[in-house]
Amino acid sequence: MREISYKEAITEAMVQEMRRDPKVIIMGEDVGDFGGLTETTIGIIDEFGDQRVLETPISECGFVGAAVGAALAGYRPILELGLADVSFVAMDQIVNTAAKMNYFNDGEATVSLVIRVWSGFRRSGGPQQSQSNEAMFNHVPGLKVVMPSTPYDVKGLLTASIRDNNPIIFFEPKASYPREGEVPEDEYVIPIGEADVKREGTDVTIIALGAMVHLALEAAEKLARDGVSAEVVDPRTIRPLDVQTIVASVRKTGRAVITHEANVIGGVGGEIAAILADQAFTSLKAPIKRIGGEETPIPVSPSLESTVVPGEDDILDVVQALI
Amino acid sequence: MPEMTMAQALNEAHRIAMQADSRVFAIGEDIGDYGGIYRVTVGLLDEFGKDRVRDTPISEAAIVGSSVGAALVGCRPILEIGFVDFVGTCWDQIINQAAKYRYLSGGKASVPLVMRMACGAGLGYGVHHSQSLEAWFTHTPGIKVVMPAFPDDAKGLLLAAVDDDDPVAFFEHKFLYTYKDAVPEGRHVVPIGKGKIRREGRDLTIVCWSRAVHWALDVAEKAATEGIECEVIDLRTLVPLDEDLIHNSVSRTNRLIVCHEACRTSGFGAEIVSRVVETSFDFLEAPPIRVAAPDIPVPNSIPLEKVYLRPESELLDAVHKLTGVRFHKLKQH
Amino acid sequence: MASNKNEEFESGGGVTNGLTEADLLDMLEKMHLLRSFDERVSERCKRGEISGLIHLGMGEEAVAVGVCAAIKPNDKMTSTHRAHGHFLAKGGDPKAFMAELYGKQTGCCRGKGGSMHLFDLDCGFLGANGVVGAGLPIAVGAALGQRILGEDFVTICFFGDGANNQGTFHESLNLATVWNLPVVFVCENNEYGISQSIHAQQKVPHVSDRAASYLLAASIVDGNDVLEVYTASSAAVAAARSGRGPTLLECKTYRTSGHYEGDDQSYRPKEEVDEWKAKDPIRRFERQLLQEGVLTDGTLDEIKARVWKVVEEATEFAIASQCPPDKEATNHVFAASQ
Amino acid sequence: MPKTTKKTETANNLTDRQLKEMYRRMVLIRRFEEVAFEKALAGNYANYHGAMGQEAIPVGACFDLTPEDGTMITHRGLGVPITRGVTVKDIFAGLYGRADSPTRGRIPVYHMGEPKLGVLTGTSMVGSVIPLASGKALANKLDKNNNVVISFFGDGAANRGDFHEGINLAGVWNLAIVFFCENNFYAKSMPLEKSTAGGSIIRRADGYGLPSMLVDGNDVLAVYDATKQAVARAREGGGPTFIECETYRWTPHSTAGDREFARTEEELASWKAKCPVRRLEALLLETGQASSEELNAFDEAAQREIEEAIDWVEKASDPGPEVALENVYV
């Protein structure tokens, strides 16, 4: 099968859905010729025109609210919000409007909205350009939270998200963008709420989110050489979470390590650990461990950044300590 | 000791802090003549004048941002946000500005800002005026999170928060403003970061904060009549967390319930459970239980709101469940 | 309403404007300093010595220098993501600046802030900002703090044209005006918010068209004429100091460099860029000073030599400085951890 | 620069029947406001933001709208859904949070949407509905229909970032929308001059390049005429118009926040003297377009309708707990 990058897979999913459904529109800053901050909308305006690729001013509350209004009227906006950090500026519209409209409307008028955010670390992105705030959205009933790690997953899950009738925060880890992988040319759907076991193992389960999936797989490879068989589970969707798959894996291995780019306190890892403590308690042979960013903003200096960013070594150390 | 409501205790704390330090000022919507939605700032305008008791337009982002700016140049603002539900409108200013300034400046900048926010359901105020969002703040390095459950703590912690050189998110549960209790006179300070055992017990530990503390104490009372002794820990501060207090208690009771009013998923209860599982794993004899609101927006009508406020009714069941079972982990390490 | 231009803000014409020749030469030197640093930073980015998102302000030097010539060292300032010029013009230490971009311990923020988070309380620089429009309410707050502390300073608030469609712009201008605070809002209107022309983002042609909504004094200034910027700023700062409240200055300028290092600038015609390059504020001021006989080729060479030395020393300092120790990464989250 | 036209006079081009219908709606809303406020004070529901004294605005502004046109309200102003055809029975059911209400008791009634009547679902976050309304207008533009949206909000909302961003978007996209500020001069306890730089909301329209009209909000015919012009402009592709109606609420901010400070008795009395309902009544009697018997009949009918609604709603049952858990997701 042909290989394309994570970034190209995103563009392909959007284009195919826009061809399939005239109600799908793109909104955001610089999404026209410039192609958006993520450069994933390059060329789309040429095919679909400026009535389906709407360039907005730098007014995040304004155009998130407007997207909700358009969604209530039957459109399926894909919002390019750029950096995940920018979602803070539009937090009220996301949390108090988008997330609650379905509840207000008794399910009559729905908000089919995909808010694409570019999350996590990239070299010297700095404190307001490197955050992973999925845990905040995970605490908000009415939102779905998706975070694919591979080109294959991102195309299938973005397609599913565009077709979903709920507001979805779609996390695209920066570190995943250059990654290449096999992606079918035709459209396909990966159901929201299904985790994927990226590697099977018997001694420990590493539950990894987004960009950490790749580090976990590399760590698992090294561990294998030391005779440690690690299973790597990628939830892919954070809300709703595929509890069954995750719990089954931990019941099998008896050990759990959870890792994400976000800082640990209040992170999604806490939620997953609490669920495991509740549902896999008797199978646990060791404490559940969490690996995430340091409890700091993200410094710009490359040397400092590398100390706050979780890495493959952290995974190796923790797993070896557990076993 | 005089008895007073939590609102009165907070009012007294404002007065003491503002009398002691001219850099302290209050800012927010309707805090002047109106005295604040919850009457917390009543009388301050007359005593301290409109420069130090600042009524603002409905412009949350500008109100928080300008408090940050004032703090940067040496003031100590006490900001009132009438409903924590509104923080979304000023979230960037809180998360990307207030919380990060000290760090980004390499320690050169200080933002001694107190954000007082009313939280919680129970008054039929509906989706946009009843939420509990403390978990968002706990996930943000650089902000301290305080949630008193009693008037004396409200006073003591607010005075501590004003003294603190970092931004403090100070949550006041709407339902507790009228709760009356004895409050020490004068400059009574309660240190940030210290929880309190409200009731001792040997059978299980209930960790809770804000209004949930009152639920836990009621339940502990009921359980005692059945011979179950619950230890009730009132965290008072979520960040920094008094981990030792929790671990010491769990190492004695070997059982943990975390109870909070906020929605369950990614609530702060998850954080506490996973920390205990991480660090007190060997002491645990049963799976820790989270008692929290279902994952729904807060409904408006009173009977539906009761569904959201389920933790109150579910807590006793959780106590029974936890004391009725005894698991054994496969300890192979 | 094109702009409610206020007579007292009209450029005083003639070169001097109450400035001594030394002042004028100093302003020219500052402009060269800003330009040279941006050139150096650009070059070191390409070499990969400086990482991260870097926003240069080549072509906009007259605004930062003109405004800073009109204020005192203890006056406060908030900035944007395009902050290098503001920081240096306000008196920030060039060595600490360069070290910060290099991510070194000796940087003004110990390597934690970088280009978009420069900060130096000592020179009243209250911070660059990575979030568009986020600096406006903070500036209003600094001015509010002045009111409450009774100290003597005004606050300058730099923002770009892109920020004027953010809610914080509206809330901040309203708040500063209704509270009559000593703040000067300086819009560096460089025509583009990243790739989008300002005209695709708002119906009114000028940012200052919005000032009348608040009965806020405003004027449009040629942002490539350092003296016009200086004159307008002086009047605005005087108004703020004397309790006459805030002013909005819309400085029309243009960044001849890209939005960020690596921007291909495909969204704007090369002719447009060239046209503005022809209006280069530094060359223009030089010509003016040469004509007036304030500047000679000799002194210009000396200025360039001094500037080159400062840039060179700052770069060497940055390179020679230590990387911050790991523990620095977890310091300063809270005051207690200092 | 777009100019502001002051409107108080009206070229009365309405038939007697239309004028009487206006009166019928206004008196119905007035009676509703009276009872809704009193029932809240009596503790039947947590809170009510009364709009008594502002009845001319919903009736005049919405009179010519078609059900395809959208109206968006904030936390105040249930006159809009009423004048658009939502029954007071439904609205009381919403206020009482009964099972058999459009919101099934889950949300404050002012969020209520009634798609078939063009009543858009709003929120109670001050100002945040403005971008939402712009979004509906954007959808109309993309659908290439000529339906119009009216976004109602109060003077307090005019200082929110959402106001700025939502209106700028509508302007730059030339959307078919009318921004309708019901200026009752107080944002909760804060008088306009203390909250609003420049002391004028309508002047802000210039900052977005929008034409604007300042209207006597207690003159239903002036409101009608102004909105008619604005709606016509929008339908013809002329883009948004900003209307500011000066009016006054006779009741405090809400039943929960019922303390009065800035507002004086004299001020209230002066506005009660300008009662919009009486004003239309006087006009109709003066011109002989209606008899007092006819008008009384409308009043009695209104009171009867409300009594029946109350009798029903006070016996109506509350929703079952399962309702709270439904529709969080589709």
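What you see is a predicted model; the values in this text were computed from it and never measured.
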Contact class of [X] relative to chain A, heavy atoms under 4.5 angstrom:
{"X": "D:Leu142", "answer": "both"}
{"X": "D:Leu169", "answer": "side chain"}
{"X": "D:Asp143", "answer": "both"}

Original post:
Got a second to check how far A:Thr237's OG1 is from A:Leu157's CG, nearest 0.5 Å?
Top reply: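 Reported to 0.5 Å precision, the distance equals 5.0 Å.
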
Original post:
Any ion pair linking D:Arg76 and D:Glu182 (charged N to carboxylate O, less than 4.0 Å)?
Top reply: no

Give, as side chain, backbone, both or neither, the part of [X] having an atom under 4.5 angstrom from any heavy atom of chain D.
{"X": "A:Lys100", "answer": "neither"}
{"X": "A:Val89", "answer": "neither"}
{"X": "A:Phe104", "answer": "both"}
{"X": "A:Asn165", "answer": "both"}
{"X": "A:Leu143", "answer": "backbone"}
{"X": "A:Gln51", "answer": "both"}

Original post:
Any idea which of A:Ile25, A:Ile58, A:Asn96, A:Val64 has the most non-hydrogen atom pairs under 4.5 angstrom with chain D?
Top reply: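 So the answer, after comparing A:Ile25, A:Ile58, A:Asn96, A:Val64, is A:Asn96.
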
Original post:
Would you call the rings of D:His75 and D:His253 parallel, tilted or perpendicular if under 30° counts as parallel and over 60° as perpendicular?
Top reply: tilted

**OP:** Mind telling me whether D:Phe153 and D:Phe179 have parallel, tilted or perpendicular rings, with 30° and 60° as the class edges?
**Re:** tilted

Subject >> Best-contacting candidate, D:Asp162, D:Leu138, D:Asn327, against chain A by heavy atom pairs under 4.5 angstrom >> reply: D:Asn327

Subject >> For chain A, the option from D:Lys136, D:His164, D:Arg104 that forms the most heavy-atom pairs under 4.5 Å >> reply: D:Arg104

Original post:
For residues A:Asp85 and A:Gln131, is any side-chain donor paired with an opposing acceptor at under 3.5 Å?
Top reply: yes

Original post:
Is it true that the side chains of A:Arg116 and A:Thr40 contain a donor and an acceptor less than 3.5 Å apart?
Top reply: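 The answer is yes; a qualifying pair exists.
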
**OP:** Would you check if the side chain of A:Asn166 reaches a backbone N or O of D:Val330 as a donor-acceptor pair within less than 3.5 Å?
**Re:** yes

Original post:
Does D:Gly118 offer a backbone N or O that forms a donor-acceptor pair with the side chain of D:Arg84 under 3.5 Å?
Top reply: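 Yes; judged by distance alone, with no hydrogens or angles, the pair exists.
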
